[in-house]
Amino acid sequence: MKPSIISGARFACVALFGAIISPAGLAAQGMLGRIPEVRASIASGDASKAIALADSIAAEFPHHPNVVLTRARALVTAGRADESEQALRRLLKWDPRYLRFALSDSTLKQLSPRFTDIDVNSLAARADSAISRGMVWAILEERDLIVEGTAWDPSTRSVLLGSLNKNTVVAIGPDGKVSDRVKRGDNGLGSVAGIHVDSAREILWVASNRRFDTPDDSAVSALFAFDAETGRFRSKVMSPGAGSNFFNDITTGADGTVYLTDTQGGDVLILRPGSPVLEVFDAAGEITGPNGITISSDGRHLFIADIDHVKVVDLRSNERWKLELPDSVNVTGIDGLAYADGALIAHHPLSFWRIARYDLDPAHRRITGRCIIEMSSPDSRTSTTGEVVEGDYVYIGNSQIDRMNARTIEFATMEPVRIYRVPLEKP
């Protein structure tokens with residue numbers, strides 16, 4: 001199918017006034033992994049221990065819905081129903097489906113009479129309704145690619161897609177034809193996660209890993225460099241770890257510095273121009289499970305998606321901060337992250353899935369508005385990443401990454417991969 005630019009579609013944008021799973025299965029890191037201990041304490045009737053542990057987890061991940069829900073359970077078990085209700089009303093502001101789920105819980109359903117002022121089921125059903133702003137722009141007949149990373153190569157006017165399953169990068173050319181940009185498995189290229197084109201230097205950067213669905217895969221994570229136009233191999237830099245890494249997403253600075261998220265290692269790594277080794281980017285500070293990463297168009301602000309927040313690093317001063325959020329916004333579980341015209345576009349796959357554009361204030365310190373691009377639509381459930389392309393946003397629809405998670409990759413039962421496109425102009 002020949003790609004065609006769509007016209008007329010626009011975002012439905014509203015001001016914010018108050019209303020996952022990662023590829024490597026690595027979201028439950030650090031304190032977040034202790035949620036089962038809270039549940040066990042609740043089950044044993046030790047409410048004091050449950051609350052103390054829940055509070056310690058919430059101190060690290062205050063915006064994670066599972067943490068808020070778990071803490072609400074602990075509070076109601078301790079007889080602190082008013083505080084538990086406050087926690088549930090916080091979930092309601094983020095998404096009424098969280099509250100619907102919470103009130104179905106055996107521990108929390110006793111609080112249902114406190115919510116007679118709202119029609120929870122009606123609000124949740126409305127949130128379940130599909131929103132889809134984009135239109136199908138291209139179809140990949142190779143159904144079992146399991147595409148993950150996206151990039152734009154302006155030199156060939158091609159959209160590039162990384163394949164977790166086929167160890168390659170494919171290109172959708174301006175004529176709509178799909179071809180391999182990188183030879184499959186070239187120079188030991190493994191399962192491909194993030195990709196990025198540094199157009200100033202005509203380099204295609206590729207994050208290579210062991211297969212996360214194959215426990216006995218012993219491949220070491222590496223950062224590959226290929227010629228952006230031809231796919232010719234240039235170099236690779238091996239992980240500084242030994243099997244304790246998962247290289248995820250990539251971006252580059254104005255000077256050619258590569259910024260790379262290591263989700264399993266819990267670091268942002270950098271490759272300085274001319275350097276043969278990756279280094280930890282200390283300016284990012286403590287990070288638990290970094291995933292999507294992008295940079296502002298002026299090259300000043302680096303954005304890093306962590307477990308339940310987005311961290312910003314000013315690359316001139318090395319100052320860092322977390323984006324401030326309106327009460328009605330939750331940014332947990334971001335996979336792909338892109339910067340476009342003073343806003344971030346974020347993919348939240350596999351759990352109340354959505355793709356959203358988050359408008360930022362001029363100083364890039366807080367989110368000021370949200371536009372839903374896709375939500376609860378069949379394809380957006382496994383939409384992992386996208387890329388700004390000539391004023392539009394091009395993004396993966398049905399990556400079918402859930403088939404890789406479930407180890408059920410089978411060409412005959414999978415669908416062609418649909419790639420979507422939507423204009424980025426503001427109303």
Side-chain angles (χ1 to χ4, degrees), residues 18-22 25-118 120-121 123-124 127 263 266 285-291 305-311 321-334 348 350-352 366-367:
I20 163 183
I21 185 169
S22 71
L26 300 168
Q29 298 189 50
M31 289 295 291
L32 194 62
R34 301 190 68 185
I35 285 179
E37 293 183 45
V38 183
R39 294 172 181 160
S41 297
I42 293 171
S44 68
D46 192 343
S48 296
K49 180 180 178 181
I51 290 174
L53 185 53
D55 285 347
S56 66
I57 299 172
E60 188 169 348
F61 301 108
H63 300 291
H64 198 293
N66 284 347
V67 174
V68 176
L69 176 63
T70 300
R71 186 170 179 273
R73 287 170 172 157
L75 288 166
V76 79
T77 301
R80 294 160 61 176
D82 289 347
E83 292 173 77
S84 184
E85 177 190 347
Q86 290 175 11
L88 295 189
R89 288 192 179 275
R90 189 177 182 207
L91 291 176
L92 172 64
K93 288 181 179 180
W94 288 341
D95 193 308
R97 291 172 293 185
Y98 289 134
L99 180 59
R100 179 178 62 186
F101 176 79
L103 294 180
S104 70
D105 179 81
S106 59
T107 304
L108 294 168
K109 64 182 179 181
Q110 61 183 281
L111 297 181
S112 295
R114 292 171 174 256
F115 293 91
T116 55
D117 59 317
I118 57 175
V120 177
N121 289 329
L123 290 173
T263 304
E286 185 176 349
I287 294 182
T288 301
N291 197 328
D306 204 349
I307 299 295
D308 71 337
H309 64 273
V310 176
K311 181 172 286 188
W321 58 88
K322 293 180 182 179
L323 278 181
E324 297 177 16
L325 307 174
D327 289 343
S328 58
V329 167
N330 184 277
V331 295
T332 295
I334 291 175
H348 303 259
L350 295 178
S351 178
F352 294 156
R366 69 180 187 275
I367 289 174

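We're numbering straight along the sequence, starting at 1. All of these numbers come straight from a predicted model, not from anything done at the bench.
Inter-residue side-chain proximity for Val331 and Ile367 is flagged as met; some heavy-atom pair is nearer than 4.5 Å. Side-chain atoms of Asp95 and Asn330, non-hydrogen and from C-beta on, never get closer than 4.5 Å to each other. Using a 4.5 Å cut-off on side-chain heavy atoms (C-beta onward), Ile35 and Val67 make contact. Under the 4.5 Å side-chain criterion, counting only non-hydrogen atoms from C-beta, Val120 is not in contact with Leu92. Side-chain contact between Asp105 and Leu69: absent, with no pair of heavy atoms (C-beta onward) separated by less than 4.5 Å. Put simply, the side chain of Glu60 reaches to within 4.5 Å of the side chain of Thr288, judged on heavy atoms.
In plain terms, the two heavy atoms of Glu85 and Phe115 that are nearest each other are CG-CZ, 3.9 Å. When all heavy atoms of Arg73 and Phe101 are compared, the pair lying nearest together is NH2-CE2, 4.3 Å. Contact between Asp308 and Pro62 at its shortest, heavy atoms only, is OD2-N, 3.3 Å. Heavy-atom minimum distance, Tyr98 versus Pro65: OH-CG, 3.4 Å. The two residues Asp55 and Arg71 come nearest to each other via the heavy atoms OD1-NE, 2.7 Å.
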Could you pull out every donor-acceptor pair under 3.5 Å between side chains of residues 46-54 and any protein atom, sequence neighbours left out?
| from | atom 1 | to | atom 2 | distance (Å) |
| --- | --- | --- | --- | --- |
| Asp46 | OD1 | Lys49 | N | 3.2 |

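Distance CG/Leu111 to CZ/Arg89: 10.0 Å, rounded to 0.5 Å.
At distances below 3.5 Å, not a single donor-acceptor pair connects side-chain atoms of Asn291 with backbone N or O atoms of Gly333. Looking only at distances, a side-chain donor or acceptor of Arg97 sits under 3.5 Å from a matching main-chain atom of Ala127. With hydrogens and angles disregarded, no donor-acceptor distance shorter than 3.5 Å links the side chain of His63 to the backbone of Thr332. Although no hydrogens or angles enter the test, the distance criterion places no donor-acceptor pair under 3.5 Å between the side chain of Ser84 and the main chain of Arg80. Counting only distance, with no hydrogens or angles, the side chain of Thr263 and the backbone of Pro290 share a donor-acceptor pair below 3.5 Å. Judged purely by atom type and a 3.5 angstrom limit, Thr70 has no side-chain atom pairing as donor or acceptor with the backbone of Arg39.
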Take Leu88 and Leu103, measure what side-chain contact (heavy atoms from CB on, under 4.5 Å) needs, and give me the verdict at the end. CA-CA 9 Å; Leu88 295 189; Leu103 294 180; 4.0 Å; yes
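The local environment of CZ in Arg366 is sparse, with at most 12 non-hydrogen atoms from other residues, nucleotides or ligands closer than 6.0 Å. Other residues, nucleotides and ligands place more than 12 heavy atoms under 6.0 Å from the CD atom of Gln110.
Among residues two or more places apart in sequence or in another chain, the side-chain contact (heavy atoms from CB on, under 4.5 Å) test is passed with His309 by Asp306, Lys311, Lys322.
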